[in-house]
Amino acid sequence: MRILLAEDDPTLQRGLAQALHETGHVTIAACDGAAADLLLSTESFDLLVLDLGLPKMDGLVVLERLRRRRQSLPVLILSARDQTHDRVLGLDRGADDYLTKPFELSEFEARVRALLRRGQAGTVRIGTLAWSWESREATVDDVTLGLTRHEANLLEALIQTAGRTATKATLAQLLGESGIAAEDNLVEVYVSRLRRKLTGTGVEIRTVRGLGYRLQEMASGSAGNG
Ligand code: CA
């Protein structure tokens, strides 16, 4: 996913960019409103993280111009505690969610996840496999694969990074509890369980040695080995 991060505080910008990078997203940072506005009108993004108090062009103006161009990408507002009025204005002008500074990184990550999921509403298909972002259910020919919560989390992460490699660290973070990453071998256990359930679907989880895993359609002729 490509995320535009419009934040002028260098420390916060660095911290958020790092967190987004670690969860497998490509993050482009803009330090002022005018730069954000230019990027938004020339490039495509899946999410905008927008600080309201930006130099050169106010965050609210950036938002207004974005929606006037009929760009529908989700917007997460970051605002200081004394900007309640602006926050309400922001939601009125088409922002999807907001966070009040200071906030916990885990909270930020959860909001980003939710907005990205909402942005991809509907179903994604890889070969015969269909994944619903809404119900978080994987089906083949309308028959559910019956994934457990961890398996569904894993598959979702692999679908989100489809075409690229999902790192073991990212997946471990996902399977861990309350922010503590799971052991590497737990990732392996769940990957092998998920692989079993994907047998015959024509979709496979390829191991990228030393890096992680990649979800892909099998080359024709090699499907259905189970
Ligand atoms: Ca600011």
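We count ligands from 1, going down the list as the structure has it; atoms in each ligand are counted the same way. Source: prediction; values computed, not measured. Computation of the quantities below employed the complete heavy-atom set of this structure, encompassing side-chain atoms and omitting hydrogens, waters and symmetry-equivalent molecules.
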* Between Arg125, Glu137, Arg136, which is the residue that forms a side-chain contact (heavy atoms from CB on, under 4.5 Å) with Trp131? ->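 Only one of Arg125, Glu137, Arg136 forms a side-chain contact (heavy atoms from CB on, under 4.5 Å) with Trp131, namely Arg136.
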
Check this for me, if you would: do [X] and [Y] make a salt bridge, where the nitrogen-to-carboxylate-oxygen distance has to be below 4.0 angstrom?
X      : Y      : value
Glu107 : Arg111 : yes
Asp37  : Arg69  : yes
Arg67  : Asp96  : yes

Pairs under 3.5 angstrom only: tabulate donor-acceptor contacts from the side chains of residues 20-29 to other protein residues two or more places apart or in another chain.
unit_1	atom_1	unit_2	atom_2	d
Glu22	OE2	Gln18	NE2	2.7
Thr23	OG1	Ala19	O	3.0
Thr23	OG1	Leu20	O	3.0

* **Closer than 3.0 Å to the Ca ion (ligand 1) - protein N, O or S atoms, ordered by chain and residue number** =>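 Asp8 OD1, Asp51 OD2, Gly53 O, with waters left out.
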
* Asked: Are Val61 and Arg65 close enough that some pair of their side-chain heavy atoms sits under 4.5 Å apart?
  ->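 SC-SC contact between Val61 and Arg65 confirmed.
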
